[in-house]
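Working notes, structure below.
Order of the sequence lines fixes the chain letters, A, B, ..., with proteins taken first and strands second; residue numbering starts at 1 for each chain.
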Protein chains: 2
Amino acid sequence: MLNNQPQPLNSIFQALADPTRRGMIARLSRGPASVSELAEPFDMSLPAVVQHLQVLETSGLVRTQKVGRVRTCHIETKALMSAQDWIQSQRASWEARFDRLDAYLQELQAKEKKRGRRK
Amino acid sequence: MLNNQPQPLNSIFQALADPTRRGMIARLSRGPASVSELAEPFDMSLPAVVQHLQVLETSGLVRTQKVGRVRTCHIETKALMSAQDWIQSQRASWEARFDRLDAYLQELQAKEKKRGRRK
DNA sequence: TTGATTGTTAAGCATAGACTTAAGTATCAT
DNA sequence: ATGATACTTAAGTCTATGCTTAACAATCAA
């Protein structure tokens, strides 16, 4: 329940806010790829793609390793999971609240019935 | 499996990238709040808080309504769910891949055993 | 060794983001 | 009617983001 490491979440959500970067993540979810493979679907310069890649790497969403002249990229699932976990924990909060509200309304209804019978 | 509405995702993830806004979401997950209640934990001017609130509202993560002079804010769970859904669908991709890889490795191992026996 | 691949670095530009302060505008209570 | 409350609007500043082009490495293949 504590406020976990917020700083990674900043850069993770920031990274996910761009459609190009989400596209790269989607591609890498299906398997590793080189920089030029990653760049291929996008209508922008290679340096621009590499800059997006750096954002993904800095946020921890992607890891890369260079062999020869080709840099191979793959997703780091843990980072995506931590984003999902944060959302999930919010969901837990509001669902708990809805449950309490529901219980309260049921209680009200029960009282109303009693009063009805009493009349 | 199609690329759903990407534009809302841009602004949803963008909104979540800021710790102040995540704090507001966390607060609102526990129940509705007025603007000044929302502002209270943060060490910044009210206009700054309202600007964050506008980002949340534009992204669809929060809805507000004004009664008298107080604006009451509450979360719109659907928007958060759509962010979670996107992440979940990436996860489905990489898990499918891991499953295929696993099956392949088992197959390799089976062949290796056969060869061993043959010798 | 030359030429083609595959990236990398640097610089610049234009727009968007996260604040601030100062000065309003409604509402509500007395 | 007056003052306090609860925002709102406007304007400005300073930094970060998302690109671009132009040049520069470092492989690899012939």
Side-chain angles (χ1 to χ4, degrees), chain A residues 6-28 31-75 79 83, chain B residues 6-28 31-75 79 83:
Chain A
Q7 206 222 314
L9 282 182
N10 289 0
S11 61
I12 288 170
F13 282 124
Q14 180 68 45
L16 295 178
D18 185 278
T20 300
R21 291 191 293 255
R22 283 200 308 281
M24 292 176 174
I25 291 283
R27 167 63 187 82
L28 294 176
S34 71
V35 172
S36 19
E37 280 168 350
L38 265 189
E40 193 270 328
F42 302 108
D43 186 23
M44 65 178 68
S45 67
L46 227 215
V49 168
V50 172
Q51 281 164 34
H52 281 301
L53 188 56
Q54 278 166 356
V55 171
L56 290 169
E57 219 176 337
T58 304
S59 73
L61 282 162
V62 164
R63 288 222 265 168
T64 75
Q65 58 198 64
K66 195 162 182 178
V67 175
R69 59 185 165 176
V70 31
R71 175 172 301 278
T72 303
C73 316
H74 50 92
I75 28 163
Chain B
Q7 207 223 312
L9 282 183
N10 289 0
S11 61
I12 289 170
F13 282 124
Q14 181 67 47
L16 295 178
D18 185 278
T20 301
R21 289 191 295 255
R22 283 200 308 281
M24 292 178 172
I25 291 284
R27 167 64 188 80
L28 294 176
S34 70
V35 171
S36 19
E37 281 169 350
L38 266 189
E40 194 271 327
F42 302 108
D43 185 23
M44 66 179 68
S45 67
L46 227 215
V49 168
V50 172
Q51 279 163 36
H52 281 300
L53 187 56
Q54 278 166 356
V55 171
L56 289 169
E57 218 175 339
T58 304
S59 72
L61 282 162
V62 165
R63 287 222 264 171
T64 75
Q65 59 197 64
K66 195 162 185 178
V67 174
R69 60 186 164 173
V70 29
R71 175 171 301 279
T72 303
C73 316
H74 50 92
I75 27 161

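One interatomic measurement links the two molecules: CZ of B/Phe13 to C1' of C/dA16, which rounds to 20 Å at whole-angstrom precision. One interatomic measurement links the two molecules: NE2 of B/His52 to C1' of D/dC7, which rounds to 17 Å at whole-angstrom precision. Distance, A/Leu38 CG to C/dT5 P: 20 Å, rounded to whole Å. Atom pair A/Gln14:CD and C/dA18:C1' shows a separation of 12 Å (rounding to whole Å applied). Rounded to an integer number of Å, the gap from A/Asn10 CG to D/dA16 P is 14 Å. Between the CG atom of B/Asp18 and the P atom of C/dA16 there is a distance of 18 Å, given to the nearest Å. Distance A/Gln54 CD to D/dA16 P: 16 Å, rounded to the nearest Å. Taking atom CG on A/Asp43 and atom P on D/dC19, their separation rounds to 11 Å, with Å as the unit.
Nearer the 5' end of DNA chain D, as judged by each residue's closest nucleotide, is the contact made by A/Ala17, out of A/Ala17 and A/Pro47. Positionally, the nearest nucleotide of DNA chain C for A/Leu46 lies more toward the 5' end than for the other of A/Leu46 and B/Arg69.
At the heavy-atom level, A/Ser45 lies under 4.0 Å from base atoms of the strands shown.
If you take NE2 on A/His52 and CD1 on A/Ile25, they are separated by 12.5 Å, rounding to the nearest 0.5 Å.
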Test side-chain contact (heavy atoms from CB on, under 4.5 Å) applied to B/Gln51 and B/Val55, step by step:
CA-CA 6 Å; B/Gln51 279 163 36; B/Val55 171; 5.9 Å; no
Test side-chain contact (heavy atoms from CB on, under 4.5 Å) on B/Val35 and B/Thr64 and set out the steps.
CA-CA 9 Å; B/Val35 171; B/Thr64 75; over 6 Å; no
After noting the C-alpha distance and the side-chain angles of A/Leu38 and A/Leu28, does the key distance pass the side-chain contact (heavy atoms from CB on, under 4.5 Å) rule?
CA-CA 8 Å; A/Leu38 265 189; A/Leu28 294 176; 4.0 Å; yes
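For B/Lys66 and C/dT27, the shortest distance from a side-chain N or O to OP1 or OP2 is not below 4.0 Å. Distances shorter than 4.0 Å separate none of the side-chain N or O atoms of B/Thr20 from OP1 or OP2 on C/dA18.
Heavy-atom contacts from other residues, nucleotides or ligands closer than 6.0 Å to CZ of A/Arg63 number 12 or fewer.
Scanning atom types as modelled, one donor and one acceptor separated by under 3.5 angstrom connect the side chain of B/Gln51 and the base of C/dT20.
For A/Arg21, taking side-chain heavy atoms from C-beta onward, the closest of the listed nucleotides D/dG18, D/dA6, D/dC19 is D/dG18. Which of C/dG7, D/dT20, D/dC7 sits closest to the side chain of A/Ala48 comes down to D/dT20.
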